Structure formats: C-alpha cells, structure tokens
Amino acid sequence: MPAASVRLRGRACGQPAQPSPGTWQHGCVTAATHSPLFPRVPDSADAVLEGLDPEQREVATALHGPVCVLAGAGTGKTRAITHRIAYGVRAGILQPSSVLAVTFTHRAAGEMRGRLRHLGAAGVQARTFHSAALRQLQYFWPKAVGGSLPRLVDRKVQLVADAAAACRIRLDRGELRDVTAEIEWSKVTQTVPAEYPSAAARAAREVTRDPAEIAQLYAAYEDLKRERGVIDFEDVLLLTVAVLQDRQDIAEQVRAQYQHFVVDEYQDVSPLQQRLLELWLGGRENLCVVGDASQTIYSFTGATPDHLLDFRTRHPGATVVKLVRDYRSTPQVVRLANGLLAQARGRAADHRLELVSQRGPGPDPVFTEYTDEPAEAEGAARRIGELIGAGARASEIAVLFRTNSQSETYEQALADAGVPYQLRGAERFFDRPEVRKASSALRAAARFGGNDSLLDDVVDLPSQVRAVLSGEGWTAQPPAGSGAVRERWESLAALVNLAQDFTAASPGATLTDLVAELDERAGAQHAPTVQGVTLASLHSAKGLEWDVVFLVGVAEGMMPITYAKTDEQIEEERRLLYVGVTRARERLHVSWSLARSPGGRANRRPSRFLHGLRSGSPAAVGRSGAGGAGGVERGVSGPVTASAAPSPGRRQRNPARCRVCGRTLTDAGEMKLMRCEDCPSDMDEGVYERLHEWRGEQARRSGQPAFCVFTDKTLMAIAETVPEDAPELARIPGVGRRKLDRYGADVLAICAGRDGAEGKEQD
C-alpha cells in the first residue's frame, strides 16, 4: 500500500487525540461563509486538517469512492470540501489538474479558488457548470463539428420577442420574461417544445399564457436561433452533453483530464446538469457531492433535490457524512430553525438535519405583530436605528421579504428614519421600469387629465390612479402565476395602495399632489447607501448571513405565498422561511401585520409555519421519525436492500438534556456525556481505567490514534453508564453501529468486570 494511503487511513476519524488550543474543540472553527482566509499556507498535508471538527475531517480525508456530504446551514461545508481537495493535493493523492469542483455562482467558485490557493492547492479548477462546459465546448467544437463555436446570444428576451412576432403573438415586457423563463425551464429539464404542455402540467407550472402557445413560441425560438447561428446559455450544457454522448474519443479525453469531481449545492442540480456530470464521470465513482435538501428553494428553475436524496441508491458504496454543528447561529436561532423543519412534510423533510449550535447563547427570537404594513416597516426601521445607535454596523443588518414588491415600504421607512440601505437582488422600487413608466403616465394625466377619456367618470384620487394604471397593466385581481407578470402587477398595486393611503392622509389631494409626492419619495431614497442595511428577497439572500435579520411580512398569503397551492409548493415556502431564519447569526426579528394599510380590515393572521414556535400560538404537531444527527455512514457493497438502506425512521433525535439537572445540552462534549460539564459525575473509575488501557492497545494494534477507537468523552460516558447489553451501549453518543460491531463485545466484557478480547481487525 502506498505511504500516502497508509497515512490517510490512519487519520480517517478526526482531529488529534489531545487537541491543542486553536482546534475545533476550543471554538476556533468558523462558518464556511464567514471565515477569514488562512493568513499563511499550511506547511504540510496534516496541517491542512488542523482546526476541522471530526465530521469535517471525515470529509477531508475521504478521498476515494463516492462521498455525499449532507451539510446543514452554517456547518462549514465550503471549509470541509476545500480542505478535502487541499489535503488530497498536499498528500500527493490528487493531482491539482485532475480535480474539477463545480458550483452554481461565479462568486462561490471564486471563493473556492481563493481558499484553495491559501491552502496550497493552486491549479485546481473551480467553476460553475456553465463555465466548465463552455471551456470544453470551445476547445472541442472544431474537432467535433468544425469551424468556430456559434456566438452566445447576449439578450435572450429579444430573441423570444422576435419569435413572438414571427408567430403573430403579442407579448408585453412581463410576459416576455415569463415565456423566457418557461423556455429556460424546459431546456434544463430536457423538455422539447412538443412535450412542454404535458410536462408543465405534471410539474404544476403556473403560467400566464396557454401552454400550447408557449410551446409554439418555444419551437419558433429554437428555429430562429438556428437561422441566426447563435446559441443561448442552456445550449452550452445541451451541446456539451451532445458532444460527449456522440464522440467517445472526446469523452475519453475529458475523462483523462478530470478524474475527481466535487459538486457544491447539489440540491440545486437540474436534470441537464446531472446528465453532464454523469458524462464527465463516465461510470467512475470519484465524486463528492455536498448539499442540504432543506435548502431547496429554486425548483421553479428546474432544480431538484432528488439527485442528492437518491445518491445512496445510485452509489450503494457511498460514504455519507452529516455536518450538523452550526458555527453561524446562536442556540436560540438554531432552535427556531429546527422547530420550523420539525413540522415539515415530504421527501426532503425525511432527510432533514437537526442542527446543533456551537456558539454561546444569545437573545431569543423576537416575534412582533403590527396593526398594518406601514407600522411594521416603521417598527423595523425604529429597531434598526436603535441597534445602529448602540454600535451595530448597518452592513451587518438585513431586512428579508418574500417578494420584491414589499421593498418599497421598507425603503421608505428606512429613508424616513435616516437609516442607509442597499438593495440586493432587486431594483430600487422607483428604478423599476414599470414604476418609471407608471409615474410618467400619472404625470401626463396630472398635466393633461382634462383631455383623457379614462378620467371622465372618476372623481376621487384613488379612482384616477386606478384608471391611469389600468392602461399600464393593473387589474383589480392579481394575475395567476409567480413570474414577472405578477411582480409587475404587485409594483403597480403598490402605487394604487399608495394613492389610497395618500388620500386618507390628505383628503383634498389631487393627482398633481400625488406625482409631487412620488418625486419626493424617489429623490429621498436615492442617497448613497454603500454601507447600508441590506434589503433583499429571501431567494436572493441564499448563501449570505448577517448578525441581525428582520424577517418581515411573515403572514398567511405572503408566507406561504398565495399561489403556492400544492403540498410541494407549500413545503418549498417553508424551506424558504428556513433559509431566512438561518441567515441570522445573533439576533432574529420575525414580524407580520394584521392589515395592509392604516385603518384597514384586520383580517390577516401570522403564517401557519410559526404555529407552535412562538408564545401563544397554536401547538404544532412535529414530525416523528425524521431528522438526522451528525456523523458518518459507511457504504455497503452491492445493491441496497431494505435492511441496508438508511431508514429515516430510526434517526429521530429529541433535544439532549442533562441527566442530572435536566438542562438542554448544546455542547457536543456534554451531549456525549449526557450531562453538564459541571454536574457531578458518577463515573466508575475502575471501568474507565480498564477502558483507557484497552483503547490504547487497540490503537497500537490498528496503527491509528487512540481517539479513533473512542474519544475520552465517549469512554467517560461508557464508564458513567456501565451498559449491560448491546442496545444500552448503542444508545451512548459516539458508539455507532460500526464501532458497536467492532468493539461492542470487548466493551461489554470490561463493563461486566471481564477482560476485553482483542477486538476485530481494522477494516
């Protein structure tokens, strides 16, 4: 066996037996998305592993065969996979040029490359799926097809507009965006135009046009691309798949180059990306995937967690490592996040991870009910102002909402409070094209309204605004679906609502007065806000974190959103709220309002997702038989049978409580002992000494560190419990099925006062 392999197996379990200050047990492991880059390159492969917790170290040292990392929010997944790659490179097991790491954003890929450089693993390719595919397509196109690769189209929407014109179908700007999104979804799910109507129905796609008409536009769009000799973003993946399928020689050349693959955010992989990954692999199993089914929030784009959830079925020999130590959030925030998922249903919920905070305690989440939306926004702005006044940085505070149309109220409230802000993932309200166009229409009506037939039969200001904006697409009832048409309607509806509120405050106001108010508001909200509070939709907040998070508008109709009808859509809304909760490091404020506007009917109620999680709310019935603790599951050889397949039902974990004082335990070491560190111990010293000697002998026989047999805390827990049979021993944290099979007979013999046998040989 090569020396590197021997060293790898000897360190496969975790960190050094006697951790020195600065290792994970002393609190120096930080969250993946909030950790500074290493100040210096580690001087050895072993130094790369320093500071990793046991599960992260399992990831870093599992370099062969399929590996699936189920990583909860804030558990350091990027840290684990970058250290895995770096350890393999520094130990001489992986060649940098043979590794391809893929993720979903250029920001994430750049962060990964930066971390790898600081770990001494420069030269590893870290790219998005599209970037990696485009490089291969550009290189192999002359050989596979001839000539140069067709031009990548800059503005897909314009091509869709041209296709609509060719079909004599009129589409406004919002409908163009929606049809474009449907074409993109079709391509990433490998759906051809003729199959779109049936596929859209199966997927319960909410569309604003007839599916047959969208299929016609899709076909015309594809014809137009061919005529003009251009390709789009999705074609990059489709054509790469086609080349690798049709040209075995090219496929073998790619596979000779890349022999080890790492895929981040695997729950967001589309069927097309999964097909490309399979072609890259070519039947090999040197694959490591990382994901969390509970953070699947982009299914409307074609993403599916099925590939992550089916990984063990496709790869029966896979090693599965669960990261549940949350280094980002306080126990109070984590408790709310866990409670939110405890109520979940569906397949993703069966694989949920129960997070365990590694941080010190913080304030409880604050739940606040307001009379109306403006009061809710003003309340949030006031609290934010107080936090900033107390020394908090504005850039470490975020206001997260379900839809972009909610931003205007909070922009105004923060501007009125003198709090700087910045928008992420959304245009400023008054910068949105539909708002600018609507403002122009209102200005024209104010100036020339006497000549506008639309205003002949209306007298009050709100009716005038509704009449003008009806020409811009506003209707009394919201449109179906969740795309750009709905977002545009919500922007126009916000202007209608603003007119109503303005009239209530100034009964004699005219259309000219309202236009002046709009101009004043727009001007006040365009101040420089580089270091301001972040305003973001929940979708755009994925992958980010702040010290303080305000989750606003958490009411029925908004969370879950009104157009979420099916069980699957409702559960995705729950996961979206979970993502929002887990963005908070220290403080979390959750709020909702009973009415839309002051004096309005108070007919709203807080989100069903909060039931049982806040004081005074109806008790929620949590799931039984779901969830999972951190740790490692080794793969089986051969097909997965009913007995070998992991069973969600046997991994339920209730909150760990001290068996002496009853306090809820969050520290990993205390959870192993099942008591607080400072609570009295009833450990059998004789049993502990015999276990300690036996462990040392086992470590010498297997050539591995003593802690890989059992940690000190596990030995203490055994000596305190003194189990009499295998089921009792198996209930002790740190004694998994593998160690029970290997060492159980010896441990039970020692506990019974007999000498332990030699134990089974190392696998």
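Along the sequence shown, residues are numbered consecutively beginning with 1. Being a predicted model, the structure only gives us computed values, none of them experimental.
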Practice task
Report the residues that fulfil ring pair (Phe, Tyr, Trp, His ring centres under 6.0 Å) with Tyr218, sequence neighbours left out, ordered by chain and then residue number.
Solution key: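 With neighbours one apart ignored, the set is empty.
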When you measure from the side chain of [X] to the backbone N and O of [Y], does any donor-acceptor pair fall under 3.5 Å?
X: Arg328; Y: Thr582; answer: yes
X: Arg583; Y: Val579; answer: yes
X: Glu568; Y: Ala204; answer: no
X: Glu195; Y: Pro193; answer: no
X: Ser131; Y: Arg127; answer: no
X: Arg575; Y: Thr296; answer: yes
X: Glu354; Y: Asn338; answer: no
X: Ser357; Y: Ser329; answer: yes
X: Thr82; Y: Thr78; answer: yes
X: Gln267; Y: Asp292; answer: yes

Closest contact, heavy atoms only, [X] versus [Y]:
X: Cys68; Y: Leu308; result: SG-CD1, 3.8 Å
X: Arg90; Y: Asp43; result: NH2-C, 3.4 Å
X: Thr103; Y: Ala109; result: CG2-N, 3.5 Å
X: Arg247; Y: Lys143; result: NH1-O, 3.3 Å
X: Ala122; Y: Pro96; result: O-CB, 3.8 Å
X: Val263; Y: Val269; result: CG1-CG2, 4.3 Å

Handout entry: Distance under 6.0 Å and angle within 45° of ring axis: Arg205 vs Trp185
Key = yes
Practice task
Mind checking side chain to side chain donor-acceptor pair (under 3.5 Å) for Arg347 and listing every partner two or more places apart, or none if nothing turns up?
Solution key: Asp306, Asp310
Exercise for the section: State yes or no: are the ring centers of His315 and Phe311 separated by less than 6.0 Å? Expected result: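 For His315 and Phe311, the ring centres are under 6.0 Å apart.
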Practice task
Evaluate salt bridge (Lys or Arg N to Asp or Glu O under 4.0 Å) for Lys322 paired with Glu55, printing each intermediate quantity in order.
Solution key: CA-CA 7 Å; Lys322 297 178 182 179; Glu55 292 78 32; over 6 Å; no
Problem - Residue list, side chain to side chain contact (heavy atoms under 4.5 Å, CB included) with Ser270, at least two apart or on another chain - result: Val188, Leu272, Gln273
Practice task
Quick one: do Arg325 and Val356 satisfy side chain to side chain contact (heavy atoms under 4.5 Å, CB included)? Show the steps, please.
Solution key: CA-CA 5 Å; Arg325 303 174 197 262; Val356 181; 5.6 Å; no
Can you tell me how far the [atom1] atom of [X] sits from the [atom2] atom of [Y], to the nearest 0.5 Å?
X: Leu309; Y: Arg314; atom1: CG; atom2: CZ; result: 10.0 Å
X: Tyr221; Y: Ser186; atom1: OH; atom2: OG; result: 11.5 Å
X: Leu238; Y: Leu137; atom1: CG; atom2: CG; result: 10.5 Å
X: Leu341; Y: Tyr578; atom1: CG; atom2: OH; result: 5.0 Å

Using a 4.5 Å cut-off on heavy atoms from C-beta on, say whether the side chain of [Y] contacts that of [X].
X: His130; Y: Leu237; answer: yes
X: Thr128; Y: Phe104; answer: no
X: Tyr327; Y: Asp53; answer: yes
X: Gln125; Y: Tyr258; answer: yes
X: Val290; Y: Tyr266; answer: no
X: Gln95; Y: Gln259; answer: no
X: Ile297; Y: His539; answer: yes
X: Leu277; Y: Leu287; answer: yes

Practice task
Decide yes or no on side-chain hydrogen bond (donor to acceptor under 3.5 Å, both in side chains) for Gln569 and Glu573, but give the supporting numbers first.
Solution key: CA-CA 6 Å; Gln569 291 169 339; Glu573 292 289 299; over 6 Å; no
Handout entry: Enclosure of Arg135 CZ (heavy-atom neighbours >12, cutoff 6.0 Å)
Key =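 Not buried by this count: 12 neighbours or fewer within 6.0 Å.
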Problem - Verdict with supporting geometry, Glu252 and Gln248, side-chain hydrogen bond (donor to acceptor under 3.5 Å, both in side chains) - result: CA-CA 6 Å; Glu252 291 302 325; Gln248 186 65 25; 2.7 Å; yes
Handout entry: Pair Gln136-Trp280, side-chain hydrogen bond (donor to acceptor under 3.5 Å, both in side chains): steps then yes or no
Key = CA-CA 11 Å; Gln136 293 175 20; Trp280 281 340; 3.0 Å; yes
Practice task
Quick one: do Lys187 and Asp235 satisfy salt bridge (Lys or Arg N to Asp or Glu O under 4.0 Å)? Show the steps, please.
Solution key: CA-CA 8 Å; Lys187 298 181 79 165; Asp235 288 332; 2.7 Å; yes
Exercise for the section: Kindly determine whether Arg255 and Ile250 satisfy side chain to side chain contact (heavy atoms under 4.5 Å, CB included), including the steps that lead there. Expected result: CA-CA 9 Å; Arg255 293 166 191 159; Ile250 293 177; over 6 Å; no
Exercise for the section: Please lay out, stage by stage, how Gln56 and Arg84 fare under the test side-chain hydrogen bond (donor to acceptor under 3.5 Å, both in side chains). Expected result: CA-CA 9 Å; Gln56 291 172 344; Arg84 177 184 189 270; over 6 Å; no
Problem - Stepwise side chain to side chain contact (heavy atoms under 4.5 Å, CB included) test for Trp141 and Ser148 - result: CA-CA 7 Å; Trp141 187 267; Ser148 57; 5.6 Å; no
Practice task
Show your working on side chain to side chain contact (heavy atoms under 4.5 Å, CB included) between Thr319 and Val321 and close with a plain yes or no.
Solution key: CA-CA 7 Å; Thr319 296; Val321 184; 4.1 Å; yes
Practice task
Would you check if there is a donor-acceptor pair between the side chains of Gln257 and Gln253 at a distance under 3.5 Å?
Solution key: no
